[in-house]
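Side chains included, hydrogens not; waters and symmetry mates left out as well; all remaining heavy atoms used.
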Amino acid sequence: MEWQGFELLLFRVGNSLVLISFLALLIGNVKKGFCKSTQLSLAVLILANFLMDLSEPLILSIGDVGFRRTMWYTTFVIFNTFAIISIYASHAITRVKLSKISITIGLSFLALSSIQILRYFDRMIIGTDVLGPIYKSSIVSINVCVVLVVVCFTAKHLIVKKDRDESCSY
């Protein structure tokens with residue numbers, strides 16, 4: 001897959017993630033009401049991915065290739081790290097226990113940050129470019145998995161009749 005095609009694929013998956021997560025949050029709250037933990041984590045997921053989607057075209061417009069790559073990896077590590085901190089801080093502030101979906105979303109941000117850091121060292125510091133195929137497939141795979149988790153969680157939430165607090169399944 002060429003770099004141009006990969007960028008387009010990332011952008012489309014990112015847009016889908018934002019849209020599907022927003023619809024899940026909307027449906028979950030209108031139909032039955034997601035628990036507070038799920039609401040907090042989905043809100044962070046939506047905001048973080050929306051900001052990353054907005055930053056992609058800006059980063060790609062940078063002329064110097066080395067600086068563009070440095071900004072690419074650094075920006076996404078920062079967004080993913082702030083998303084992790086936001087999930088856990090919002091739970092601590094509201095004194096809400098983390099649900100399984102919140103933990104899953106947090107771990108996906110951690111995995112994405114780790115992959116970005118490893119790829120930066122591989123490509124920019126060491127200069128081996130060994131992780132290229134792994135990087136390209138893992139970023140998309142993690143985001144697709146998050147979409148599937150959100151969709152399945154929402155479907156289960158709509159089908160199973162539980163109170164708001166019971167739906168978290170801590």
Distance-only side-chain donor-acceptor flag, Tyr73 / Arg123, under 3.5 Å: yes

Under 4.5 Å between side-chain heavy atoms, counting indirect links through other Ile/Leu/Val/Met/Phe/Trp/Tyr residues: same cluster for Leu148 and Val140 or not? yes

With a 4.5 Å limit on heavy-atom distance, are the side chains of Val150 and Leu45 in contact? yes

Output for pair (Asp53 CG, Leu51 CG), nearest 0.5 Å, gives 9.0 Å

What about Leu107 and Val151, same hydrophobic cluster or not, with Ile/Leu/Val/Met/Phe/Trp/Tyr joined at side-chain heavy-atom distances under 4.5 Å? yes

Would you name the heavy atoms of Gly106 and Ile84 that are closest together and state the gap between them? O-CG1, 3.8 Å

Using a 4.5 Å cut-off on heavy atoms from C-beta on, say whether the side chain of Ile115 contacts that of Ile142. yes

Heavy atoms of Ala83 and Val44 approach each other most closely as O-CG1, 3.5 Å

Do Leu118 and Ile125 sit in the same hydrophobic cluster, where Ile, Leu, Val, Met, Phe, Trp and Tyr count as joined when their side-chain heavy atoms come under 4.5 Å apart? no

Check the hydrophobic clustering (I, L, V, M, F, W, Y; side-chain heavy atoms under 4.5 Å; chains of links allowed) and say if Leu58 and Met52 are grouped together. no

In this structure, are over 12 heavy atoms from other groups packed under 6.0 Å from Tyr88 atom OH? yes

Rounded to the nearest 0.5 Å, how far does CD1 of Ile78 lie from CD of Gln116? 11.5 Å

Shortest non-hydrogen contact from Asp122 toward Gly132: OD2-N, 4.2 Å

Steps toward side-chain contact (heavy atoms from CB on, under 4.5 Å) verdict (Phe153, Lys100): CA-CA 10 Å; Phe153 177 81; Lys100 288 179 184 176; over 6 Å; no

What heavy-atom pair brings Ser41 and His91 nearest, and what distance separates the two atoms? OG-CE1, 3.5 Å

Any idea which heavy atoms bring Ile59 and Arg68 closest together, and the distance? O-CG, 3.2 Å

Taking C-beta and beyond as the side chain, do Leu98 and Ile87 meet within less than 4.5 Å on heavy atoms? yes

Measuring from Ile20:CD1 to Asn143:CG, what's the distance to the nearest 0.5 Å? 11.0 Å

Check the side chains of Thr75 and Ser55 for a donor-acceptor pair under 3.5 angstrom, ignoring hydrogens and angles. no

Any non-hydrogen side-chain atom of Phe76 less than 4.5 Å from a side-chain atom of Leu112? no

Could you please spell out the steps behind the side-chain contact (heavy atoms from CB on, under 4.5 Å) verdict for Trp72 and Leu60? CA-CA 8 Å; Trp72 179 272; Leu60 293 174; 3.8 Å; yes

Step by step, work out the side-chain contact (heavy atoms from CB on, under 4.5 Å) result for Phe109 and Thr81. CA-CA 7 Å; Phe109 282 122; Thr81 303; over 6 Å; no

Rounded at 0.5 Å granularity, tell me how far CG in Leu47 sits from CZ in Phe82. 12.5 Å

Output yes when a side-chain donor or acceptor of Ser138 lies under 3.5 Å from a complementary backbone atom of Tyr135, and no otherwise. yes

Hey, quick one: are Tyr120 and Ile134 part of the same hydrophobic cluster, counting side-chain heavy atoms closer than 4.5 Å, chains of contacts allowed? no

For Thr154 and Ala24, work out which heavy atoms get closest and say how close. OG1-CB, 3.1 Å

Is a side-chain donor-acceptor pair under 3.5 Å present for Ser102 with Ser99? yes

Atom CG of Leu40 and atom CD1 of Ile93: how far apart are they, to the nearest 0.5 Å? 9.5 Å

d(Ile103 CD1, Ser108 OG) to nearest 0.5 Å is 12.5 Å

Is there a side-chain contact (heavy atoms from CB on, under 4.5 Å) between Leu42 and Ile105 once you walk through the steps? CA-CA 8 Å; Leu42 283 176; Ile105 291 170; 4.1 Å; yes

Are Arg119 and Asp129 ion-paired here, with the side-chain N under 4.0 Å from a carboxylate O? yes

